[in-house]
Amino acid sequence: MTTTSTSKADISSQPDRNCPLCPRLAEFRDETRAQHAGWFNAPVPSFGDTGGRLLIVGLAPGMQGANRTGRPFTGDYAGDLLYATLLEYGFAEGRYEARPDDGLTLKDCLISNAVRCVPPQNKPLPAEINTCRPFLAATIELMPRLRAIVALGRIAHDTVLKTLKLRGAEAPFAHGALHQAGRYRLYDSYHCSRYNTNTGVLTPKMFRSVFAKVKADLD
Ligand code: SF4
């Protein structure tokens, strides 16, 4: 699968609603729009505070989560654990009710994804991950106070490293690992997907421990 090339000059932190750069994902988006006309069905924007010191990077919108609601991690299981954890550690305020108009706000924190469009079977292709990466780079550039990045899963981790022009061998992915990534600290966590929690790969306690460390380091 090829993707349309782009240059840094083309890239803002938010892709166009009809971003054509990944033909397979654009086609999938068209199909989803036809099937679910009331859903968001577009590149999902980052959510939160660009003045924050923490950036959380997920993989990609879930079909019935962010792709449906238009807010990262909102509407499927992954959001239940993520937002409960952010509320517990003071990175969010209000109530999470799995809908974008629930009034929840993020504090000192922004959530984004390595890939902005929903991929079939939650599996973006390597070329699609590369093509969407400049939007993450632009998002990082928008955050003047950024100090900590939490990567949810190996693909998010690798994407952050490439965005910051670091080699994977310098910072191998492992749950709970902490890497110095240029002027940022990169914290790794397994992704908070239902699959990972159902299989015991990630427990809520393991997930909370990552954010406890971020909070302690920032404080
Ligand atoms: S994944 Fe990113 S680069 Fe690819 S079509 Fe969607 S917004 Fe564009």
Side-chain angles (χ1 to χ4, degrees), residues 1-50 55-76 78-79 82 100 106 109-143 146 149-166 168 173 181 184 186 191-193 195:
M1 176 64 61
T2 57
T3 54
T4 307
S5 67
T6 186
S7 72
K8 195 168 166 58
D10 298 322
I11 294 292
S12 70
S13 62
Q14 176 54 34
D16 183 84
R17 186 170 168 81
N18 296 310
C19 179
L21 297 177
C22 305
R24 185 185 76 123
L25 300 188
E27 191 178 324
F28 190 54
R29 191 170 61 214
D30 287 343
E31 289 168 15
T32 310
R33 284 176 181 172
Q35 287 166 5
H36 304 285
W39 289 11
F40 185 74
N41 297 321
V44 174
S46 304
F47 170 49
D49 176 11
T50 54
L55 171 66
I56 299 165
V57 181
L59 169 59
M63 174 61 96
Q64 304 213 19
N67 177 65
R68 177 173 61 84
T69 65
R71 193 175 74 179
F73 289 90
T74 297
D76 57 13
L82 176 62
L106 298 190
C109 170
L110 185 81
I111 303 177
S112 196
N113 275 317
V115 173
R116 300 293 182 95
C117 292
V118 61
Q121 280 90 47
N122 289 329
K123 287 189 180 139
L125 300 174
E128 293 160 352
I129 298 166
N130 281 335
T131 301
C132 208
R133 198 169 61 239
F135 294 109
L136 180 65
T139 301
I140 288 174
E141 284 178 17
L142 267 185
M143 299 184 72
L146 180 63
I149 301 174
V150 173
L152 299 179
R154 185 181 299 275
I155 290 176
H157 165 95
D158 290 347
T159 299
V160 170
L161 289 187
K162 284 184 184 160
T163 303
L164 299 177
K165 305 198 177 356
L166 297 175
F173 174 82
Y184 310 113
L186 172 61
H191 193 282
C192 49
S193 64
Y195 178 82

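We use all heavy atoms of the structure for the numbers below, so side chains are in, but hydrogens, waters and symmetry mates are not. Counting starts at 1 for both ligands and their atoms, following the listed order. Note that the structure is a prediction, hence the values are computed from the model and not measured.
Side-chain atoms of Q35 never come within 3.5 Å of backbone atoms of T32 as a donor-acceptor pair (strictly under, hydrogens ignored). No donor-acceptor pair closer than 3.5 Å links the side chain of N113 to the backbone N or O of V57. A donor-acceptor pair under 3.5 Å is formed between the side chain of T69 and the backbone N or O of T74.
H157 NE2 to L59 CG: the interatomic distance, rounded to the nearest 0.5 Å, is 14.0 Å. Taken to the nearest 0.5 Å, the SG atom of C19 stands 9.5 Å off from the CD atom of Q14.
Protein neighbours of ligand 1 below 4.0 Å, counting non-hydrogen atoms: P15, C19, L21, C22, L25, P43, V115, R116, C117, T131, C132, F135.
Between V115 and the options N130, L136, L25, a side-chain contact (heavy atoms from CB on, under 4.5 Å) holds for only L25.
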